[in-house]
Protein chains: 2
Amino acid sequence: MKQITKYVLRHDTKRLFTYRQCLIGFKRKGFDRIFSYNLGEEAGVTAEQVRKDFSVFKIKGNKKAGYKIDDLLTAIEEVFKYQLNQHVIIVGMGNIGKALVQYKRFMLRKMIIVASFDIDPTKQSKRWGIPILPLEMLDDIIKRFHVKVAIIAVPEMSAQDIVNKLIDLGIKGFLNFAPVILKTPENIVVHNINLCDELESVIYYTQKVVE
Amino acid sequence: MKQITKYVLRHDTKRLFTYRQCLIGFKRKGFDRIFSYNLGEEAGVTAEQVRKDFSVFKIKGNKKAGYKIDDLLTAIEEVFKYQLNQHVIIVGMGNIGKALVQYKRFMLRKMIIVASFDIDPTKQSKRWGIPILPLEMLDDIIKRFHVKVAIIAVPEMSAQDIVNKLIDLGIKGFLNFAPVILKTPENIVVHNINLCDELESVIYYTQKVVE
DNA sequence: TTTTAATTGTGAAATTAATCACAACTATGA
DNA sequence: TCATAGTTGTGATTAATTTCACAATTAAAA
């Protein structure tokens with residue numbers, strides 16, 4: 001396995017998540033085998049792309065009979081197995097933070113939000129089963145649950161400070177909703193979601209697409 | 001200008017949004033000129049990338065003296081100008097929908113959320129200044145405000161039905177938070193944000209990056 | 001006015017990603 | 001058992017994206 005020092009989210013890896021989700025859907029509908037074009041259609045990519053992606057991860061099917069869904073799911077789980085039941089924290093209980101802390105799908109996908117944090121003591125409580133704690137407890141929680149990944153949902157202004165602090169406390173990966181590009185050392189994974197940018201690009205392309 | 005029939009979000013276009021955001025930050029800090037490497041560092045890309053992106057959009061600087069921030073901002077606004085003050089609706093007032101309806105930055109970026117919709121009458125109200133309406137009013141609002149873009153924040157199960165309905169009513173672009181790949185005709189722009197996939201890929205890479 | 005040092009702008013090269021095309025395989029039916 | 005039709009798996013090709021490298025430019029200093 002090649003070592004990664006710089007974080008680059010590869011398209012084929014990301015698509016595996018989509019495939020898994022589609023496969024679970026197919027299974028629920030009663031299918032037990034599928035062809036690459038079924039999965040491609042459902043996942044919004046070409047059949048060749050599906051096969052190519054599987055080939056990258058050495059996932060094999062049966063010529064003529066396609067893929068057994070259970071085998072595919074097992075193979076995909078194998079790729080991601082060591083990351084199941086990872087503990088994650090959320091920092092910032094504004095609108096976005098509150099939405100994420102209540103988002104049930106993380107649990108379905110075996111990602112465990114162990115705690116959330118906010119600087120505002122009036123927000124600190126135990127609603128939704130997941131405690132909202134003061135920042136002073138970051139150290140304790142991160143150590144106790146061996147947390148390596150944090151979701152940043154604090155305002156733009158405080159994001160960099162919080163991230164610096166979290167890196168000191170051992171956090172290695174960030175899903176960042178604050179609209180800033182975070183300055184981090186090598187080896188720290190940062191993935192940004194900028195909601196304004198996302199909406200704006202939809203508007204941009206909507207106006208460019210031919211009628 | 002080449003016609004686009006298939007929606008592909010180009011990287012260079014998306015980076016323009018980031019550049020704009022960084023430039024506003026630089027301006028706020030009192031700068032009035034910058035070099036490509038300043039902007040690159042702030043935006044998390046190389047200086048060459050910055051210059052190449054500008055070159056794609058015919059944005060020129062001054063050799064030796066870099067770029068005037070105001071000129072850059074004007075040039076970027078020019079690229080996106082016809083999409084300012086676009087009206088957008090949000091469908092689905094679950095956790096995500098509620099967070100988005102309260103998200104102030106959309107307005108700062110001149111994107112106007114004119115209304116939100118939910119099937120559940122108990123959620124229908126006028127909190128946060130933006131009305132929450134029943135689905136029956138979609139037609140009226142879309143026509144009245146010439147809405148072309150919708151944010152989908154409904155549960156997985158109802159997403160495709162809602163989208164079909166919205167396309168019938170004239171919606172051309174979707175920012176989709178439901179964890180399904182939507183089936184849409186050509187010429188309809190769909191951009192998916194799957195929060196589980198995003199978090200999961202951070203976890204995946206966090207475990208792969210060398211210590 | 002001339003020189004210098006620093007930066008832009010952009011072809012060319014390299015890398016990454018997607019699509020094409022078809023040989024190899026195999027379940028099925030004759 | 002054999003032929004057939006329908007899929008997979010993957011090299012080859014094409015396309016998109018990034019990086020490299022350096023000529024052209026120019027502000028500022030001499």
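In what follows, chains are A, B, ... by sequence order, proteins preceding strands, each numbered from 1.
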Which whole-number value in Å describes the distance from [X] [atom1] to [N] [atom2]?
| X | N | atom1 | atom2 | value |
| --- | --- | --- | --- | --- |
| B:Glu41 | C:dT7 | CD | C1' | 17 Å |
| B:Lys52 | D:dT17 | NZ | P | 13 Å |
| B:Arg51 | D:dT25 | CZ | C1' | 13 Å |
| A:Tyr37 | D:dG6 | OH | C1' | 8 Å |
| B:Arg15 | D:dT19 | CZ | P | 9 Å |
| B:Lys63 | D:dC22 | NZ | P | 16 Å |
| A:Asn62 | C:dC25 | CG | P | 12 Å |
| B:Glu48 | C:dT15 | CD | P | 15 Å |

>> What I want to find out is whether B:Glu77 reaches B:Lys110 closely enough, with some N-O distance under 4.0 Å, to be called a salt bridge.
In response: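 Salt bridge: no.
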> Do B:Asp12 and B:Arg10 meet the salt-bridge criterion of a basic N to acidic O distance under 4.0 Å?
Replying inline: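 B:Asp12 and B:Arg10: salt-bridged.
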> At under 4.0 Å between heavy atoms, what does A:Phe54 touch on the DNA or RNA strands: base, sugar-phosphate, or nothing?
Replying inline: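 No contact.
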> Looking across every strand, which nucleic acid part, if any, lies under 4.0 Å from A:Asp12 by heavy atom: base, sugar-phosphate, or nothing?
Replying inline: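 The answer is nothing, as A:Asp12 stays clear of every strand by at least 4.0 Å.
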Quick one: is [N] close enough that its OP1 or OP2 comes under 4.0 Å of any side-chain N or O from [X]?
| X | N | value |
| --- | --- | --- |
| A:Lys14 | C:dA17 | no |
| A:Ser36 | D:dT8 | yes |
| A:Arg10 | C:dT16 | no |

Side chain of [X]: nearest nucleotide among [options]?
| X | options | answer |
| --- | --- | --- |
| A:His11 | C:dT8, C:dA18, D:dT17 | C:dA18 |
| A:Gln49 | C:dA18, D:dT17, C:dT8 | C:dA18 |
| B:Phe35 | D:dT26, C:dC25, C:dT7 | C:dT7 |

>> Looking only at the side chains, is there a donor atom on one of A:Gln160 and A:Asn164 sitting less than 3.5 Å from an acceptor on the other?
In response: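 Judged by distance alone, the side chains do pair up.
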>> Once you measure the plane-to-plane angle for A:Phe17 and A:Phe80, does it fall in the parallel (<30°), tilted (30-60°) or perpendicular (>60°) bin?
In response: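 A:Phe17 and A:Phe80: parallel rings.
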> Within a reach of under 6.0 Å around CD of B:Glu41, are more than 12 heavy atoms found that belong to other residues, nucleotides or ligands?
Replying inline: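 Count not over threshold, so no.
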